[in-house]
Amino acid sequence: MTATVASHRKPRQHPLASLTGGTRTARTAATLALAGAATATVFDGTGQAASPPTPAQVKGRINALYQEAEVATQNYNGAKEAAGTARQELSRLQDEAARRTQKLNAARTELGALAASQYRSGGVDPTVRLLLSADPQRYLDGAAVLERAGSHQATAVAGYARRLGSVRQVRQRAEETAERLAVTEATLKKHRVTVVHKLDAAEQLLSRLTAEQRQRMAGRDSVGTVRADRGARGDGPLDGILHGSRAAAAAAPNPRAARAVSFAYAALGKPYVWGATGPSAFDCSGLTQAAWKSGGVALPRTTYTQISSGPRIDRSQLAPGDLVFFYSGISHVGLYIGGGKMIHAPHPGAPVRIAPIDQMPFAAATRPG
């Protein structure tokens, strides 16, 4: 009976409640679906899967990666040059410290003999006692005082003190150089990793292109890439290259520039290898450095430093042998050969070649030597 009454008193559900709830649920689902569709449209622009990049887009990204790798390569070259300089300086300081230590030991032996002689004769001169002092500062201060006193022993001790001080200075400089070398080598490693990463990324993008597309991207100029058998006579393009080499050398402003131009022509067709300075491979600044070295002029290693290796030249005044620099960051360099063209080492997969200087954003020009 109680159960019946409870059942009777239980409020009835409104006949439209389930319908209203169902409608609300349906409306909510519809709203979410529309929002999802709108979101998808915003992200992909069409609401469909993004289309793969075109060959032109891939080429643009590859060129950008090569440019980024070139920047890292120049930073690597600079760090490598700095590390080499630090190693040489450290070796020199270590040799100097060894020589000075040898002289210091000889002076100490001499003072020891003097002390032994004085002991046998009845005592040790106060001057020599300074040698046995446990306090280096007191020892050196005392030596300076005794040197002013003018005694033979004081002079000997003061000489020893000077040698001791010089050895300490050299060793301190060696320690500082070693620390600088460690930092430079860490920087060198960082730039090496960056270069490899950029080039690997470019290689992966290149693999998406067909052989024909890669060939088109190589963009061979009208002169073409010189083959390994470029010494063969009777090759039309080769004849043109030899003629161009002679003409450019003749138009160079001085014999050093003429030799640099001839070297660059002889390097045509050799591969680009980042960090290379020849003779079998080059990067961009390695090529210009080697070319001018053949002319008797020592250029620094990187594009950033080569741009200061001579007076700036206006673009309208360019002459064969001048260095032409590109991009706002001065990250690429070529050797001008006249006629609006240069010889340069472009990037991996593109050997040393002739190209128009309009191919890249021109930044500045310098005339070395």
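Just so you know, these numbers use all the heavy atoms, side chains as well, and skip hydrogens, waters and symmetry mates.
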Point to revise | Criterion side-chain contact (heavy atoms from CB on, under 4.5 Å) on H347 and E70, from CA distance to verdict | key: CA-CA 8 Å; H347 53 73; E70 190 74 77; 5.5 Å; no
Exercise for review: Determine, step by step, whether N75 and K190 satisfy the side-chain contact (heavy atoms from CB on, under 4.5 Å) criterion, reporting the C-alpha distance in whole Å, the side-chain angles of both residues, the deciding distance to 0.1 Å, and the verdict.
Suggested key: CA-CA 10 Å; N75 290 332; K190 181 186 72 174; over 6 Å; no
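Atoms CD and CG, on Q306 and N77 in that order, are 9.5 Å from each other to the nearest 0.5 Å. The OG1 atom of T177 sits 5.0 Å away from the CG atom of L93 when rounded to the nearest 0.5 Å. Taken from OG1 in T288 to CZ in R301, the straight-line distance is 8.0 Å, to the nearest 0.5 Å. To the nearest 0.5 Å, the span separating CZ on F263 from CG on L287 amounts to 7.0 Å. Going from atom CD of E96 over to atom CD of E89 covers 8.5 Å, rounded to the nearest 0.5 Å.
Remark: side-chain polar atoms of K80 are not paired, donor with acceptor, to backbone N or O of L188 under 3.5 angstrom. A donor-acceptor contact shorter than 3.5 Å links the side chain of T366 to the backbone of I307. No donor-acceptor pair closer than 3.5 Å links the side chain of S91 to the backbone N or O of R87. Checking side-chain atoms of R256 against main-chain N and O of G369 turns up a donor-acceptor pair under 3.5 Å.
Not counting sequence neighbours, H191 has no partner by the ring pair (Phe, Tyr, Trp, His ring centres under 6.0 Å) test. P255 is linked by a side chain to side chain contact (heavy atoms under 4.5 Å, CB included) to R259, counting only residues two or more places apart in sequence or in another chain. For E179, there are no salt bridge (Lys or Arg N to Asp or Glu O under 4.0 Å) partners, not counting sequence neighbours. Every residue meeting the side chain to side chain contact (heavy atoms under 4.5 Å, CB included) condition with A249, not counting sequence neighbours, appears here in chain and number order: A258, S262. Take W292 and apply the ring pair (Phe, Tyr, Trp, His ring centres under 6.0 Å) test, not counting sequence neighbours, and it matches no residue. In this structure A248 satisfies the side chain to side chain contact (heavy atoms under 4.5 Å, CB included) test together with V261, Y265, P320, I337, sequence neighbours excluded. Residues that satisfy the side chain to side chain contact (heavy atoms under 4.5 Å, CB included) test with Q172, not counting sequence neighbours, are E175, E176.
Side-chain atoms of Q74 and S285 include a donor-acceptor pair closer than 3.5 Å. A side-chain donor-acceptor contact under 3.5 Å links S331 and Q67. Side-chain N/O atoms of R171 and T101 include a donor and acceptor closer than 3.5 Å. No side-chain donor-acceptor contact under 3.5 Å links T302 and E81.
The residue from D283, L199, V195, V273 that alone fulfils the side-chain contact (heavy atoms from CB on, under 4.5 Å) condition with P348 is L199.
Side-chain contact check for L206 versus I62: some heavy-atom pair is nearer than 4.5 Å. Proximity of I343 to V352: side-chain heavy atoms (C-beta onward) are separated by under 4.5 Å at one or more points. Two residues are said to be in side-chain contact when any heavy atoms from C-beta on lie closer than 4.5 Å; W274 and V196 meet this criterion.
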Show me the donor-acceptor pairs within less than 3.5 Å that the side chains of residues 52-60 make with the rest of the protein, sequence neighbours left out.
from: T54; atom 1: OG1; to: Q57; atom 2: N; distance (Å): 3.2
from: Q57; atom 1: OE1; to: T54; atom 2: N; distance (Å): 2.8

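Under 4.0 Å is where a charged nitrogen must lie from a carboxylate oxygen, and between E185 and K189 no such pair does.
In the hydrophobic clustering, V193 connects to no other residue, as no ILVMFWY side-chain heavy atoms lie under 4.5 Å from its own. Using a 4.5 Å cut-off between side-chain heavy atoms of Ile, Leu, Val, Met, Phe, Trp and Tyr, L318 falls into a hydrophobic cluster with I313, V324, F326, Y327, Y336, M342, I357, M360, F362.
Here the closest heavy-atom approach between residue H344 and residue G334 is recorded as CB-CA, 3.9 Å. Nearest heavy atoms, P279 versus K270: O-NZ, 2.8 Å. The minimum heavy-atom distance linking H332 with A345 is given by the pair CE1-O, 3.3 Å. The shortest heavy-atom contact between T303 and C284 is CG2-SG, 4.0 Å. Contact record, V71 with Y304: O-OH, 3.5 Å, taken as the closest heavy-atom pair. Here the shortest heavy-atom pairing between P300 and T305 reads CB-OG1, 3.3 Å.
Residue pairs satisfying the side chain to side chain donor-acceptor pair (under 3.5 Å) criterion with at least one member in residues 311-320, sequence neighbours excluded, are listed as follows: D314-S316, R315-D358. Here side chain to side chain donor-acceptor pair (under 3.5 Å) pairs that include residues 194-205, with residues two or more places apart or in two chains, are E68-K198.
Residues L90 and V170 do not share a hydrophobic cluster, clusters being chains of Ile/Leu/Val/Met/Phe/Trp/Tyr side chains in contact below 4.5 Å.
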